Amino acid sequence: MTYEEELNLYNWTKETCDFLDEERLYQQHSFDEWLLKICAGVFGVSFAFIEKLIDFSVAVWKPLLSASWFLFALCLVAEIFNFMNSEKLYRLDIISRQNDYDNQAHGKNLPTDLVRKTAFIGKYMNYVSFVLFLAGVICLVSFIAKNI
């Protein structure tokens, strides 16, 4: 492979990785943003309107309503933690890439795998947030369906 072919391959790979990295960041922030908005909205609306729909003096399965509010609150906390974790992940990723460059260009021996633990946490926090949100919706809908 000639130098120009290697350079073209390098440039194509770098452009592709940069594009995929930007898309990953966009998707992560979109997921966090929308789940946070929807969860907060459902949580707020259920607080505001549930007593107008259902008479609490005769309502049954009241613990289910409390469970849904608790699950929504946990979802909000998990999403805020996930957002903070993803910001840390991006900062560590930049540092890792800089360290990798310094290692290759200047012969240094800096750590380059700084994101492993943070990425692991972020991956599973998305699932946790989604499951908490879904469980909260199921509890809320079940409570409303049983009492209307």
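The structure displayed is predicted, hence computed values, not measured ones. Numbers here are sequence positions counted from 1.
Under a hydrophobic-cluster definition in which Ile, Leu, Val, Met, Phe, Trp and Tyr are linked whenever side-chain heavy atoms come within less than 4.5 Å, directly or via other members, I148 and W61 are assigned to the same cluster. Under the 4.5 Å side-chain heavy-atom criterion for grouping Ile, Leu, Val, Met, Phe, Trp and Tyr, I121 is not connected to V128 through any hydrophobic cluster. Placement of F81 and V131 in two distinct hydrophobic clusters is found when ILVMFWY residues are connected by side-chain heavy-atom separations under 4.5 Å, directly or transitively. Follow the hydrophobic side-chain contacts under 4.5 Å out from Y124 and you never reach L132; the two are in separate clusters. Both F130 and V137 are assigned to one and the same hydrophobic cluster, defined by single-linkage of ILVMFWY side chains at heavy-atom distances under 4.5 Å.
Between A59 and N147, the closest heavy-atom pair is CA-OD1, 3.2 Å. Residue S142 comes nearest to I138 through the heavy atom pair OG-O, 2.7 Å, listed as atom of the first residue, atom of the second, then distance.
For the pair V60 and F143, the minimum side-chain heavy-atom distance is 4.5 Å or more. For the pair I50 and L140, the minimum side-chain heavy-atom distance is below 4.5 Å.
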Quick one: side chains of residues 68-79, donor-acceptor pairs under 3.5 Å with protein atoms, not counting sequence neighbours, listed by atom name and distance.
{"unit_1": "S68", "atom_1": "OG", "unit_2": "L65", "atom_2": "O", "d": "2.7"}
{"unit_1": "W69", "atom_1": "NE1", "unit_2": "S46", "atom_2": "OG", "d": "2.8"}
{"unit_1": "E79", "atom_1": "OE2", "unit_2": "S129", "atom_2": "OG", "d": "2.9"}

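Atoms CG and CG, on L134 and L35 in that order, are 10.0 Å from each other to the nearest 0.5 Å. Within the model, atoms CD1 of I54 and NZ of K62 stand 11.0 Å from one another, a figure rounded to the nearest 0.5 Å. Note that the CG atom of L36 and the CD atom of E33 stand 8.5 Å from one another [nearest 0.5 Å].
Within 6.0 Å of atom CG in N109, 12 or fewer heavy atoms from other residues, nucleotides or ligands are found, so the atom counts as exposed in its surroundings. Heavy-atom neighbours of E23 CD from other residues, nucleotides or ligands within 6.0 Å: above the threshold of 12.
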